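Some notes on the structure that comes next.
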Amino acid sequence: MRLINHFIDGQTVSEPGRLGDVFAPSIGQVQAQVELAEVSMLDRAVTNAKLAQREWALTNPQRRARVMFAFRQLIEDNMLDLAELLASEHGKVVSDAQGDIQRGLEVVEFACGIPHLLKGEYTEGAGPGIDVYSIRQPLGVVAGITPFNFPAMIPLWMLAPAIACGNAFILKPSERDPSVPVRLAELLIEAGLPKGILNVVHGDKTIVDAICDHPDIKAVSFVGSSDIANYVYQRAAAAGKRAQCMGGAKNHGIVLPDADLDQTVADILGAAYGSAGERCMALPVVVPVGEKTAAALREKLIAGIEGLKVGISTDPDAHYGPVVSAQHKARIESYIDLAIEEGSELVLDGRGFSLQGYEEGYFLAPTFLDRVTPEMKSYQDEIFGPVLQMVRTETLEEAVGLASSHQYGNGVALFTQNGAAARWFMHEVEVGMVGINVPIPVPVAYHSFGGWKRSGFGDMDQYGMDGVRFYTRSKKVTQRWPNSGGKVIDQSFVIPTMK
Ligand code: NAD
């Protein structure tokens with residue numbers, strides 16, 4: 001059986017110890033095993049990273065950018081192989097896996113601009129002979145802990161800006177689909193990254209805890225479910241680290257009576273069921289405003305959902321593939337059971353679905369539940385599967401109130417042709433990322449990504465300028481050269497002293 005090793009100091013590293021199963025969700029079998037590190041492996045990675053980082057930080061930003069340019073090209077050249085490997089472990093269809101890599105690639109492109117992004121600020125003549133400037137310096141060794149659902153994009157969100165800024169990076173990817181992160185590390189070495197600057201340490205809670213506690217790791221970036229995000233945030237902060245921890249989501253799509261319904265339904269289908277609903281920016285809640293809108297939307301949604309094709313990840317016609325594991329499939333099914341018990345109307349039932357020839361795969365057909373209400377636990381919790389819930393409202397205010405008072409605040413979308421309503425909605429809604437006629441409003445790489453409330457712990461977002469700020473600290477310098485220019489300096493400007 002294939003064994004997935006750690007990647008330390010520019011090469012794969014193996015150590016006998018605990019192993020985790022890596023499944024092939026389309027066929028429901030174990031396809032590989034991943035090494036689960038003990039703390040000594042993290043220590044080894046950090047020691048190497050610390051040694052390599054000093055010289056990397058002294059490498060001028062243009063040279064660091066050149067590594068990113070070469071990396072960008074290598075990802076593009078290897079796109080299909082990476083996408084197939086990713087799809088085989090995650091279960092998403094290959095075209096979706098390409099999208100996963102593409103969105104990460106865009107952050108690598110952003111990091112290619114690091115010479116410009118790291119430029120500081122300068123004020124000449126803040127006083128007589130006095131200039132003030134600020135610069136950004138890398139933190140040292142930093143770490144990222146990533147979830148299963150975007151095994152290329154999310155590691156790239158973190159490692160590209162962190163490394164371009166002059167840090168060394170320790171990546172702890174999800175143990176459920178760990179192969180692509182190792183391939184990315186190999187490609188970065190091929191692109192010219194010095195050994196030791198990117199290290200991949202596979203593992204579970206043992207390594208996550210050790211990352212939070214390690215005195216030589218200066219910052220932790222985390223993406224995953226909210227309880228763990230909060231836990232990592234608290235633990236890393238208690239150890240004096242900078243931390244940004246993104247959590248779960250339950251995004252609402254609000255539909256006004258004037259929306260273009262055909263376009264809206266096409267958007268909602270992709271956003272609710274694409275990637276089997278395993279996206280933090282999926283749209284699992286649809287909120288029609290007014291009974292007429294609800295009735296028309298329901299009819300069109302049913303027709304659209306019935307046209308969706310579930311298939312194996314290499315089926316080019318499939319709209320989505322299996323979910324990641326048998327355990328996750330059972331969890332989603334139990335939420336559908338709960339939703340029915342709580343009084344939702346089961347319009348389309350995805351449970352008990354079996355794909356011919358792939359009966360052991362972790363497939364679920366699309367589920368559609370209507371007449372869901374806010375006090376239901378199945379509405380309050382993140383289900384993270386191909387399940388769409390409809391909550392009917394009478395007014396836009398009521399719909400916005402739903403999204404604003406939900407425990408999660410990652411994304412939200414409004415479908416309308418009314419600019420004034422859209423503008424009011426955008427201003428009022430208490431959610432971090434807002435779409436107007438855009439179902440999955442993931443900001444482009446030169447803006448930043450981050451949700452509110454239990455979707456994001458910490459005050460800096462991923463990538464964009466926040467990425468640069470997170471992985472650097474600013475130094476402010478006030479310098480005085482009183483005799484410069486040979487002129488007599490006015491002594492009335494005095495720097496505060498003990499006198
Ligand atoms: P997860 O929380 O189970 O795992 C995320 C990481 O935490 C993994 O690397 C895992 O090894 C580690 N981990 C798991 N249990 C741990 C524990 N008890 N202690 C310490 N570390 C632990 O999340 P997942 O199932 O891999 O990913 C899906 C979740 O991630 C969903 O909730 C989804 O909404 C969220 N997500 C959020 C964003 C965002 O940007 N807000 C993006 C993608 C995914």
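Since we're looking at a predicted model, the values are computed, not measured.
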* Determine, step by step, whether D204 and R18 satisfy the side chain to side chain contact (heavy atoms under 4.5 Å, CB included) criterion, reporting the C-alpha distance in whole Å, the side-chain angles of both residues, the deciding distance to 0.1 Å, and the verdict. => CA-CA 10 Å; D204 50 16; R18 292 182 302 129; 2.8 Å; yes

* Derivation of the side chain to side chain donor-acceptor pair (under 3.5 Å) call for S40 and E38 -> CA-CA 6 Å; S40 56; E38 297 305 330; over 6 Å; no

Backbone N or O of [Y] within a donor-acceptor pair of the [X] side chain at under 3.5 Å?
X: N48; Y: I8; answer: no
X: K241; Y: C212; answer: yes
X: K250; Y: D381; answer: yes
X: S226; Y: G248; answer: yes
X: Q31; Y: S88; answer: yes
X: T416; Y: A422; answer: no
X: E382; Y: A249; answer: yes
X: S174; Y: R176; answer: yes
X: N251; Y: A282; answer: yes
X: D100; Y: M153; answer: yes

Evaluate the side-chain proximity of [Y] to [X]: yes if any heavy-atom separation is below 4.5 Å, no if none is.
X: S275; Y: N149; value: no
X: M41; Y: V13; value: yes
X: I170; Y: H214; value: no
X: T206; Y: L36; value: no
X: W157; Y: D461; value: no
X: V265; Y: L301; value: yes
X: W56; Y: I163; value: yes
X: Q234; Y: F457; value: no

With the threshold set at 4.0 Å, does a side-chain nitrogen-carboxylate oxygen contact exist between [X] and [Y]?
X: R279; Y: D96; answer: yes
X: R351; Y: E333; answer: no
X: D81; Y: R183; answer: no
X: R2; Y: E89; answer: yes

So, for [X] and [Y], which heavy atoms are closest and what is the spacing to 0.1 Å?
X: L355; Y: V310; answer: CD1-O, 3.5 Å
X: F169; Y: A162; answer: CD1-CB, 3.6 Å
X: F415; Y: T264; answer: CG-CG2, 3.5 Å
X: A276; Y: P322; answer: CB-O, 4.3 Å
X: A83; Y: I101; answer: N-CD1, 3.5 Å
X: P288; Y: L297; answer: CB-CD2, 4.0 Å

So does [X] have more than 12 non-hydrogen atoms from other groups sitting under 6.0 Å from [atom1]?
X: R136; atom1: CZ; value: yes
X: E359; atom1: CD; value: yes
X: D21; atom1: CG; value: yes
X: E360; atom1: CD; value: no
X: F353; atom1: CZ; value: yes

With rounding to the nearest 0.5 Å, note down the distance linking [atom1] in [X] to [atom2] in [Y].
X: T12; Y: I4; atom1: OG1; atom2: CD1; answer: 12.0 Å
X: T293; Y: I254; atom1: OG1; atom2: CD1; answer: 12.5 Å
X: Y471; Y: S221; atom1: OH; atom2: OG; answer: 4.0 Å
X: L171; Y: L184; atom1: CG; atom2: CG; answer: 8.5 Å
X: R392; Y: R298; atom1: CZ; atom2: CZ; answer: 6.0 Å
X: I383; Y: I332; atom1: CD1; atom2: CD1; answer: 8.5 Å

* Compute the ring centroids of F110 and H447, then answer whether they are less than 6.0 Å apart. => no

* To do: Carefully, step by step, assess R44 and E15 under the rule salt bridge (charged side-chain N to carboxylate O under 4.0 Å, His left out).
  => CA-CA 12 Å; R44 181 171 164 182; E15 190 180 60; 5.5 Å; no

* Quick one: side chain to side chain donor-acceptor pair (under 3.5 Å) pairs with a partner in residues 424-433, sequence neighbours left out? -> none

* Asked: Given the rule in the side chain to side chain contact (heavy atoms under 4.5 Å, CB included) test, do M376 and Q389 qualify, once you have shown the distances and angles that lead to the verdict?
  -> CA-CA 11 Å; M376 293 179 182; Q389 293 168 286; over 6 Å; no

* To do: Please step through side chain to side chain contact (heavy atoms under 4.5 Å, CB included) for the pair V287 and E398, ending with a clear verdict.
  => CA-CA 10 Å; V287 187; E398 192 189 339; over 6 Å; no

* To do: Check the side chains of E375 and T373 for a donor-acceptor pair under 3.5 angstrom, ignoring hydrogens and angles.
  => yes

* To do: Apply the ring pair (Phe, Tyr, Trp, His ring centres under 6.0 Å) test between H90 and each candidate in F148, Y362, Y320, F23; give the one that qualifies.
  => F148

* Give the intermediate values and the outcome of side chain to side chain contact (heavy atoms under 4.5 Å, CB included) for residues M390 and V372. => CA-CA 6 Å; M390 185 143 107; V372 173; 5.8 Å; no

* By salt bridge (charged side-chain N to carboxylate O under 4.0 Å, His left out) - contacts of E175 (at least two apart) ->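 So E175 forms a salt bridge (charged side-chain N to carboxylate O under 4.0 Å, His left out) with K172.
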
* Asked: Who pairs with R103 by salt bridge (charged side-chain N to carboxylate O under 4.0 Å, His left out), at least two apart in sequence or on another chain?
  ->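 Expected list: E106.
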
* Could you point out which residue of D216, D43, D9 forms a salt bridge (Lys or Arg N to Asp or Glu O under 4.0 Å) with K50? =>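 One option only clears the test, and that one is D216.
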
* Classify the ring geometry between F449 and Y463 as parallel (under 30°), tilted (30 to 60°) or perpendicular (over 60°). => tilted

